[in-house]
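One-based numbering along the sequence shown.
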Amino acid sequence: MNTRSVILIFVAMASPLALSPLANSQLDPLTVDRGFGVRHEGEIPRAIGRDFKATFREGSFRFTPALGVRAPRNFPVSLSLREIRRGNVSVSSFTRDVRPVTSGEFVTFRRSASILERYRVAGSGVELSFVFAERPEGRGDLTVRLELDTELPIPAAGSYDEGLDLVHPRFGGVHIGGVTGIDARGVTQRGRMRLRDGSLELSLRASFVDTASYPLVLDPLIGSQFPASPSDQDDDQPDVAYEATSDEYLVVWSRSFSQLDAEIFAQRIDGATHDLIGAPIPIATGAFDRNPAVATTVANREFVIAWETRDSWFGPADIGVRAVQAGSGIVSMPGVVGAAGNDIDPDVGGDRTPTARAALVWDDEAAGLRGARIWITSPSGPPAVLSSTLIVAGTDSTVGLPSVSKSGGDVERWMLVFETDAATDQVGGFVIDQNLGQHGPYFGLAASVLLSEGAPDCDGDGHDFYIAWHETENGLTGNRDVYCRRITADATTAMFVGSKVAVRTTPDDDQRNPTVSFLGPKVVVSWTDVNPGFLDTGIRFRALDPTTCLGCSPIQPLGSSGRRQENSKAASSYSGGGSSDEAMFVTAAYRLAIPFDSLIQAVEFEAVGAGGTVTSVAPECGGGGTCTIQGPFAFTASPIVELQGGDPSASVAVLHVGNVFSPVVPCGGCSLFTPFTSTPVPLIGGNASLQLNLECSVDLFNQQLRFQYLIANTSATPCLGLPVGVSNILEAEFGF
C-alpha cells in the first residue's frame, strides 16, 4: 500500500464525507469557538467542531449537530459499515467491531489488510473516506453499504445522487451530498447514492473501479443543514482566565445542542499571537451543563473551572469542578461540590500565592451564598474540595448572583459582591479572607429603594478592589446606567474610597451587566449597551483611573462584529500571575439573520498602547539641541522628554511645558512659547532628560502639550544677544 499516495489523495479531496453545520466567516474580533479536533474520553475518541460533536466506538460513528435550544432533544446521525460488494457479491470479509485508532486529526477503522475506513476532523466537519489499497475482487459496481440510524425524517427509498437531506422542519438536520471516487493519479468520477431498506449505499461504477490506479478513495459529502427559522443560540455564557508562564488564555463557554443537551467547552489561546491552541477541550459532557466560570491558580499553572451541572434541564443543579493545565491542556478528573438542593451561579477567584487554591462561590438557593477552596493535587487527578462554607445566609429570594474578584492578589483576599433585597440597597458585598470569612464590614453599594440595582461584578489585587453594577435611571424608561466604586483593604479591615462614580449614563439608551477588570495602571469596565432598537446592541468598554474610578479614555466598542453582543467577561494579565497591562474580553455574539446562532468572540485590551502623535513644529536654535519623547505619550504611561546635542558649554537646562494655546513668540532668530510650568533639569554635555507621569484623568481628554528645552550660558547669542539656546518645539497629543 502506497501510504504517501493515500495521504496526498486525501489532502487533495475537495468534497469528502463531511458532517458539519453551516460555516460562518465572522473573524472580527477573534472568534474563539472555531477550534476543532479530536480528544479522548477514556478510550473513546471524540470529535469537536464549531457546531457539532461526534464519537467513535467499535465499528460505528455518531454525529450530533448543535441545533440550538429550540430543539427539544438531540437528533444524531449514526453510521456503521454493513457490507462492501462488487455487483451482487460481497467482497472478502472485513472486521466489523474494530476499535478506532487516533492520530492527530485522523480517526481510522482498519477493516482489513487492504480496506481502511478513515475520518478526518476538520473545521467544516468530520470527513469520511473509504480507502482501497488494491482493486476489490469481483465484477461490477463497487458499493459500500452503511446502516443509517437517526430520528430525523428519512426520505423515501430511491436514488439521491445530488444529495440527501435528513432535516427536521423546525430545527434543522444533516445533508448528505454526492459520492466521488478519486484514484492515485487524482482522476475523479461522480458516484451514486441510494437509500434502500434503512441503509445508505455509496457506489462507484465498475468501469472506473477496473481502470483506476490504486489506492482508490470513495467519499460522499455530508454536512449539517439549518431550517429557515431561528435556531436560537448555540454558544454563549463565556468566561476567560490567563496564565502568565505559558502566556495563554483559556476561554470557557456553554454550547446548546438541544433543550436537553448543553455542554461546557474550553479553548486555549496563545497570548502573543492570539492563535487557537489545539482543539476545543470538552469540560463537561453530561446531560445539561451551563454557566461556566474560570480562574487561575498561578503556582500550579492551572485553570480552575466551575459550572452548573444537572441530570436534565428540569433537575436540581450541583456545581461541577475541573482543571486544565496551562501549557499542555491536560484535563483533570471532574468533581462535584454543593449542598443538597439547587446550587447555581458559580464564580471562581484565582490565587497568585504558593497556596494555589482557588476561591469558589455559588448560590445555594435554600441557604444562601456558599464558598469552598479548590485545588488540584495532580494535573490529571481529581480536584480536592474543602468542605463548603456558608458565607452569606439567605435564600434565593434575598441573595443571589455572587461574583468574586478574579484574583486574591498576593495576600489571598478576594472581594465578594452579590444582589440582595436589603431595605437600603440591592447590591452589596464584603472582602473575604483565605478561609472565606468576612474581612471588614459589609458594604451596601447603592442606597435607594426607588431604583433597581443589580448585576454586580468585581476585581482587584487583594488590596484595592473595584466594583461595577447597573442602576435604573429615574423615571419610567426602565433604562439602566453603569457605576463603579473602589474599596481598599489592609490586614485588619476594609473601607470605601470615595463615592460611587458614573461610568456610563445616557438617558436615551440602556447600559447593563457590567464587567470590571484590574489591569494595574488602569481599571477597565465593559458593559452591554442597548441603543434604541433591540438589534443595536453591543459591548462597550472604558478605562478608569484606579485611584478615583473616573473615566480616562473614550467609550469604545468591543470590536466591529456585525452581531448583537451580550454579557462580556474579562481576565487581566495580573490575575494570571503576569505583570503586563493587558486583558482579554470575551462575549457571546448573536447573528442578526437566520439562523440567529451565536458564537464566542474575544478582544485583547492593552491599558497603555502606542500613544498619541508627537510632532516637531519649530526648529532648534542657538545650540539648543533636539527635543524628543521616548515611550508612548499615553494616559498612565511614563514617557521621557529628552534633549540631545545641545551646546556642551551650556550649564543650565529648563524644560518648558505648555499647551497648543500657549503663544509662540520670536526671540531673535529663535521661537519660544510661553509655558504654564517650567522645570530645571540636570544638563550633562548638552544632554538632559525628564520622565513624565501621565495620570489617567478625564481633564486631559483631547489635549495637546508643547515641550521645549531652554539652555543657558551657550557659546551662541541668538536670542536678543543673550547666551541662551532653545530646542525645537514638540507638540504631543494624548493617546491610549
Give me the atom names and distance for the closest heavy-atom approach of [X] to [Y].
X	Y	value
A494	I487	CB-CG2, 4.2 Å
D235	A588	O-CB, 4.3 Å
S403	D457	OG-OD1, 2.9 Å
A359	V404	O-CG1, 4.2 Å
V411	G462	CG2-O, 3.7 Å
A583	S572	CB-CA, 3.7 Å

- Query: In terms of side-chain geometry, is the basic nitrogen of E412 or R357 positioned less than 4.0 Å from the acidic oxygen of its partner?
  - Reply: no

- Is any NZ, NE, NH1 or NH2 atom of the basic residue among D481 and R504 found under 4.0 Å from an Asp or Glu carboxylate oxygen of the other? no

Distance to the ring centre below 6.0 angstrom and angle to the axis at most 45 degrees; does that hold for [X] and [Y]?
X	Y	answer
R255	F52	no
R370	W362	no
K53	F257	yes

Should [X] and [Y] count as side-chain neighbours, where that means a heavy-atom distance under 4.5 Å?
X	Y	value
P238	V32	no
T420	V427	no
P346	L360	yes
R512	W527	no
I305	L250	yes
V431	L416	no
V107	V38	yes
D421	Q426	no

For [X] and [Y], which I'm curious about, is there any donor-acceptor pair between the side chains at under 3.5 Å?
X	Y	value
E604	Y249	yes
D289	T309	yes
T297	D351	no
R73	S258	no

Is there a donor-acceptor pair under 3.5 Å between the side chain of [X] and the backbone N or O of [Y]?
X	Y	answer
Q565	I539	yes
D364	A366	yes
D459	K406	yes
D363	D345	no
T150	P76	yes
R352	Y574	yes
E243	T245	yes
Q438	G440	yes
T296	V298	no
D433	N435	yes

- Task: Take D510 and R480 through the test salt bridge (charged side-chain N to carboxylate O under 4.0 Å, His left out) and record every step on the way to the result.
- Result: CA-CA 5 Å; D510 184 24; R480 289 153 287 195; 2.7 Å; yes

- What do you reckon, is CG of D311 surrounded by more than 12 foreign heavy atoms closer than 6.0 Å? no

- Query: Is it true that atom CZ of R39 has more than 12 heavy atoms of other residues, nucleotides or ligands lying nearer than 6.0 Å?
  - Reply: yes

How far does [atom1] of [X] sit from [atom2] of [Y], to the nearest 0.5 angstrom?
X	Y	atom1	atom2	value
D270	S246	CG	OG	10.0 Å
C458	W469	SG	CH2	12.0 Å
W253	L599	CH2	CG	10.5 Å
D236	N567	CG	CG	9.0 Å
S573	M584	OG	CE	11.5 Å
S517	K569	OG	NZ	11.5 Å

- With salt bridge (charged side-chain N to carboxylate O under 4.0 Å, His left out) as the test, would you mind laying out the steps for R46 and E263 before giving the verdict? CA-CA 13 Å; R46 178 184 175 93; E263 301 184 1; 2.3 Å; yes

- Message: Checking R290 against S254 for the side-chain hydrogen bond (donor to acceptor under 3.5 Å, both in side chains) test, could you report, in this order, the C-alpha distance in whole Å, the side-chain angles of both residues, the deciding distance, and whether it holds?
- Response: CA-CA 6 Å; R290 297 281 286 168; S254 175; 3.0 Å; yes

- Query: Going through the distances and angles, do N513 and H470 end up as a side chain to side chain contact (heavy atoms under 4.5 Å, CB included)?
  - Reply: CA-CA 6 Å; N513 300 331; H470 67 222; 3.6 Å; yes

- Message: With salt bridge (charged side-chain N to carboxylate O under 4.0 Å, His left out) as the criterion, how do R301 and E248 come out once you've worked through the C-alpha distance, each side chain's angles and the decisive distance to 0.1 Å?
- Response: CA-CA 10 Å; R301 297 180 57 195; E248 68 181 54; over 6 Å; no

- Are the aromatic ring centres of H439 and F430 under 6.0 angstrom apart? no

- Task: Can you label the angle between the F61 ring and the F56 ring as parallel, tilted or perpendicular, going by 30° and 60°?
- Result: tilted

- Message: Assess the residue pair V524 and F585 against the criterion (side chain to side chain contact (heavy atoms under 4.5 Å, CB included)); give the C-alpha distance rounded to whole Å, side-chain angles, the decisive distance to 0.1 Å, and a yes or no.
- Response: CA-CA 10 Å; V524 178; F585 289 78; 3.3 Å; yes

- Task: Report the C-alpha distance between L260 and N74 in whole Å, list the side-chain angles of each, state the deciding distance to 0.1 Å, and finish with yes or no for side chain to side chain contact (heavy atoms under 4.5 Å, CB included).
- Result: CA-CA 7 Å; L260 301 181; N74 288 352; over 6 Å; no

- Task: For I281 and Q267, run side chain to side chain contact (heavy atoms under 4.5 Å, CB included): C-alpha distance rounded to whole Å, both residues' side-chain angles, the deciding distance at 0.1 Å, then the answer.
- Result: CA-CA 6 Å; I281 303 170; Q267 177 67 60; over 6 Å; no

Expected list for residues 319-330: side-chain donor-acceptor pairs under 3.5 angstrom, two or more places apart:
{"residue": "R322", "atom": "NE", "partner": "S332", "partner atom": "O", "Å": "2.6"}
{"residue": "R322", "atom": "NH1", "partner": "I283", "partner atom": "O", "Å": "2.7"}
{"residue": "R322", "atom": "NH2", "partner": "S332", "partner atom": "O", "Å": "3.4"}
{"residue": "Q325", "atom": "NE2", "partner": "N300", "partner atom": "O", "Å": "3.2"}
{"residue": "S328", "atom": "OG", "partner": "I330", "partner atom": "N", "Å": "3.3"}

